[in-house]
Amino acid sequence: MSATTACPKTRAFQLRVNPLTGDSEWIVVEEGGDREELEEKTSKNLLATTSYLDMLNDSYRNWAFRAAIEKTIKKPCHVLDIGAGTGLLSMMAARTMAKFEEASEAKVSACESYLPMGKLMRRVLRKNQMEKKVSEILDSELLGEGLIPTLQQAHDMLLAKNPQTVPYRATTYGQLSEPFKIFEFDFWKKPESHGEIEMSIKACSDGNVIAVISWWVLQLDEEGSIFYSTAPRWTNCPDNGMVENCIPGELSYCNVYPNEQRNVHLFGYIVFEAKSHRRVSWTSEGNENWCDHWKQCVWFISGAGLPVLKDKLVLFKAAYDEIKISYHLKCDDQTCCNNFNFGNCLLELSPERVAVYGDKDWRSGFINAMRNTLNVRSAPLCIIADDSVFLTILISYLSKNANTISSFPGLQEKGAQYLQAIADSNGFSMDRVKVIGKRASYLLTDNLIQQKVDFLVGEPFYYGNEGALPWQNLRFWKERTLLDSILSEDVVIMPCKGILKVCAMSLPDLWRSRCSLKKVEGFDHSVVNETLGACGNLPPLLEGPCLPYYIWQCGEVEELSEILPLMEFNFLEPIHACSRKIKIEFSKLGICHGFALWIDWVLDNKKSLLVSTGPISRYWKQGVKLLSKPLAVNAAYSFAEIEAFFDHSSGEITISSFSPS
């Protein structure tokens with residue numbers, strides 16, 4: 001058996017970002033290069049926040065691909081494995097072909113575009129004495145990882161005529177009352193670059209269509225006997241065209257499709273704001289099949305949505321190109337779509353950031369704090385130290401005399417254009433607002449400051465940093481420190497303080513998905529644990545990293561202690577190192593899997609106005625520190641300890657947890 005692997009001299013660029021300053025640099029990743037240690041650390045930080053480990057801990061997925069590969073490969077052949085990973089599927093293919101008498105004719109060619117993963121893969125292959133790699137080119141949106149152009153190139157240049165493929169086929173679906181097929185993609189033939197379809201769908205109730213939810217079910221083999229579903233647990237699956245009783249991560253072990261309907265499906269569900277509606281649950285309590293790597297997509301409809309009446313027909317149009325799917329809805333001459341066109345004024349913000357700006361309580365907190373401050377200053381100089389469009393608009397609206405400098409280090413010119421469009425639409429002037437499009441500290445070198453700063457403010461929000469650990473927004477503290485020389489003696493800093501909070505948590509689903517790996521379908525994966533950020537079942541004295549998660553999306557969750565302050569960051573002072581160790585008393589019996597950590601931002605010195613980013617809110621990610629071994633809370637084990645250290649030079653917080661011995 002022969003094998004083809006990526007050239008060991010391949011080089012790639014990788015972006016490295018300093019979370020405290022926002023500075024970034026491209027580093028060259030190369031096998032055996034001079035910066036091997038730096039490259040390895042950067043790669044670990046990136047790969048630990050991906051879904052690779054969760055995917056490899058999904059035993060149903062692993063079984064399904066193994067079964068499909070063993071069913072599909074009927075004799076030694078040339079297997080092309082396209083994509084990134086640890087080499088699992090390539091090793092499955094190689095093992096399958098090794099059983100045949102003509103095994104010497106077998107060949108596996110593995111393609112891997114992301115060099116850090118390719119380097120990790122080689123370690124796995126060496127560990128298992130094999131030379132193969134892994135392939136999967138599907139993300140939650142199905143087309144988001146370049147599925148179509150990749151398959152087109154493979155069919156044009158690499159594949160034989162009528163090749164056998166795993167997966168075999170994919171079909172996109174949508175839903176009003178029952179799922180309906182939209183598009184179908186056969187992996188075994190060259191896909192078209194574009195496609196569109198139009199159909200009429202009957203509305204299931206009165207209300208407004210506000211979103212389309214989509215998902216898919218993979219048919220992995222040609223016969224249609226092995227499936228993998230990402231359907232939401234609450235959906236009703238029809239008898240024709242979907243796996244019966246499909247749930248996220250669940251496989252069908254028998255053929256439930258008629259011959260013409262054997263496929264891999266992407267389903268959708270159109271969401272209503274209805275006069276009477278049912279609740280839907282996005283989590284699965286006690287579900288051993290919970291996973292984090294495949295999720296449903298939500299396609300929001302523009303404006304207030306599309307009003308519909310029960311049993312009325314909605315015209316549904318869908319189109320796809322090489323990278324995305326778009327939807328259009330029409331009912332009674334009213335049209336909605338998920339393609340927005342605001343010219344040069346378009347800001348692409350995360351759904352969570354949009355939700356923050358739509359939260360009345362969040363807005364009220366800043367409005368009250370800002371109004372109290374601006375009322376006692378005649379013509380203050382205000383600096384927005386982050387990318388907050390909201391605070392820039394708010395100051396301009398509340399004070400006609402304030403001079404505002406907005407840094408917008410991430411939004412830059414796009415932010416300035418958006419501000420002007422908002423001002424024009426609402427009839428207020430932006431003449432006293434200047435956008436520099438750089439970090440606030442650049443004010444020290446550009447000589448833009450003619451007076452001392454009266455007001456330094458941030459949400460804090462840094463564009464492109466939404467998915468990071470919560471304390472990476474302490475970049476605001478660093479900016480405040482750099483601006484110290486131009487701050488007035490009575491400067492108002494908002495927020496004035498950050499409080500690191502902690503709570504002991506039961507997180508069984510998340511803990512299972514982040515467990516360290518041993519054998520995966522018979523192949524040793526222990527060498528990937530540190531790089532992929534494994535947390536559970538680690539060897540003694542080793543601790544996994546603290547990782548960012550939306551706690552509310554982590555399956556079964558329960559608080560086991562009171563919420564406690566772990567550390568405080570006083571922004572009225574220059575940035576400095578901090579550390580603290582506390583004892584956490586458990587308030588409930590249960591199994592403690594780790595701790596949730598977040599920052600509450602104090603807006604005023606009276607501590608009367610506070611913005612929390614804890615689990616009760618769905619807008620922010622929390623830091624999650626998982627224990628290597630879950631702790632059974634009982635009379636003998638009624639507390640745990642946790643220690644935090646803030647490194648003011650790097651902006652990193654090191655979290656260590658201790659269970660009673």
Side-chain angles (χ1 to χ4, degrees), residues 22 300 340 342 344-375 380-400 402-440 454-468 470 473 475-476 479-480 492-496 498 571 599-604 609-613 617-621:
F300 288 102
F340 308 103
F342 296 101
N344 293 329
C345 302
L346 176 63
L347 282 186
E348 296 182 359
L349 301 177
S350 69
E352 292 75 27
R353 178 51 42 180
V354 174
V356 167
Y357 290 152
D359 185 280
K360 182 179 179 181
D361 293 336
W362 182 90
R363 295 197 311 269
S364 296
F366 272 103
I367 289 172
N368 292 334
M370 201 77 74
R371 181 179 286 119
N372 293 340
T373 299
L374 293 174
N375 283 343
L381 174 59
C382 308
I383 292 181
I384 311 295
D386 58 1
D387 284 297
S388 180
V389 172
F390 171 78
L391 293 181
T392 304
I393 295 171
L394 181 60
I395 292 175
S396 301
Y397 176 76
L398 292 177
S399 175
K400 307 302 181 185
N403 294 295
T404 304
I405 298 176
S406 294
S407 58
F408 287 9
L411 293 177
Q412 300 179 352
E413 184 61 26
K414 285 282 188 182
Q417 293 171 351
Y418 184 82
L419 283 178
Q420 190 59 57
I422 293 294
D424 294 342
S425 299
N426 292 275
F428 61 87
S429 174
M430 298 296 289
D431 292 343
R432 303 177 75 89
V433 176
K434 182 176 181 62
V435 175
I436 62 173
K438 301 177 181 178
R439 299 202 313 267
D454 301 294
F455 194 15
L456 178 65
V457 64
E459 296 183 19
F461 158 60
Y462 293 95
Y463 184 69
N465 205 37
E466 297 93 324
N473 280 326
R475 176 176 168 181
F476 176 79
E479 289 290 323
R480 172 259 176 267
V492 174
I493 297 176
M494 183 185 304
C496 61
F571 303 147
I599 291 182
D600 286 353
W601 306 99
V602 182
L603 302 185
D604 63 338
L609 297 171
L610 181 143
V611 173
S612 178
T613 64
S617 169
R618 297 188 171 191
Y619 309 145
W620 292 277
K621 285 187 175 182

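Basis for what follows: all heavy atoms, side chains included, without hydrogens, waters or symmetry-related copies. Here the structure is a predicted model, which is why all the values come from computation and not from measurement.
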Ser617 versus Ser612, closest heavy-atom pair with distance = CB-O, 4.3 Å

key: From Thr392 atom OG1 to Ile405 atom CD1, the distance as rounded to the nearest 0.5 Å   = 11.5 Å

task = Evaluate whether atom NZ of Lys400 has more than 12 neighbouring non-hydrogen atoms of other residues, nucleotides or ligands under 6.0 angstrom away.
result = yes

message = If I compare all heavy atoms of Pro380 with all of Asp454, which pair ends up nearest, and what's the gap?
response = CA-OD2, 3.4 Å

request  = For Trp362 and Glu459, run side chain to side chain contact (heavy atoms under 4.5 Å, CB included): C-alpha distance rounded to whole Å, both residues' side-chain angles, the deciding distance at 0.1 Å, then the answer.
outcome  = CA-CA 10 Å; Trp362 182 90; Glu459 296 183 19; 3.5 Å; yes

query = Do the rings of Phe390 and Phe366 sit parallel, tilted or perpendicular, given the 30° and 60° boundaries?
reply = perpendicular

request  = Check the pair Gln420 / Gln417 against side chain to side chain contact (heavy atoms under 4.5 Å, CB included), numbers first and verdict last.
outcome  = CA-CA 5 Å; Gln420 190 59 57; Gln417 293 171 351; 5.9 Å; no

task = Answer yes or no: is there a side-chain heavy-atom contact under 4.5 Å between Tyr418 and Glu413?
result = no

message = Minimum heavy-atom separation for Gly458 and Pro495, please, with both atom names.
response = O-CD, 3.2 Å

From CA spacing to verdict: side chain to side chain contact (heavy atoms under 4.5 Å, CB included), Val611, Tyr619 = CA-CA 11 Å; Val611 173; Tyr619 309 145; over 6 Å; no

ask   = Is there a side-chain contact between Asn426 and Tyr397, using heavy atoms and a 4.5 Å cut-off?
value = no

key: Distance (rounded to the nearest 0.5 Å) between Leu398 CG and Leu374 CG   = 6.0 Å

query = Of the non-hydrogen atoms in Met370 and Leu391, which two are nearest, and what is the gap between them?
reply = CE-CD2, 3.5 Å

task = Could you grab the distance from atom OG1 of Thr613 to atom NZ of Lys621, nearest 0.5 Å is fine?
result = 13.5 Å

key: Reported CD1-to-OG distance for the pair Ile395 and Ser406, which is rounded to 0.5 angstrom   = 7.0 Å

ask   = Side chains of Val356 and Trp620: closer than 4.5 Å at any heavy-atom pair?
value = yes

ask   = Is a donor on one side and an acceptor on the other found under 3.5 Å between the side chain of Ser407 and the backbone of Asp386?
value = yes

Side-chain heavy atoms of Ser396 within contact of Met430, under 4.5 Å = yes

remark   = Shortest non-hydrogen pair, Phe408 vs Ser388, comes out as CE1-O, 3.6 Å

query = Sequence neighbours excluded, which residues qualify as ring pair (Phe, Tyr, Trp, His ring centres under 6.0 Å) partners of Tyr463?
reply = none

key: Within-4.5 Å side-chain heavy-atom neighbours: Val389 and Leu411   = yes

task = Determine yes or no for a side-chain-to-main-chain donor-acceptor pair under 3.5 angstrom, with Asp600 supplying the side chain and Leu610 the backbone.
result = no

query = Once you round to the nearest 0.5 Å, how far does CG of Leu609 lie from CD1 of Ile367?
reply = 11.5 Å

key: Trace of the side chain to side chain contact (heavy atoms under 4.5 Å, CB included) decision for Phe455 with Thr404   = CA-CA 9 Å; Phe455 194 15; Thr404 304; over 6 Å; no

Donor-acceptor pair, side chain of Glu479 and main chain of Ala385, under 3.5 angstrom = no

message = Let me confirm one number: the CD1-CD1 distance from Ile422 to Ile393, rounded to the nearest 0.5 Å.
response = 5.0 Å

query = Less than 4.5 Å apart, any side-chain heavy atom of Pro409 and any of Asp387?
reply = yes

key: Nearest non-hydrogen partners of Ala440 and Ile383, listed with the distance   = CB-CG2, 4.3 Å

query = Does Arg480 make a cation-pi contact with Phe476 (under 6.0 Å, within 45 degrees of the axis)?
reply = no

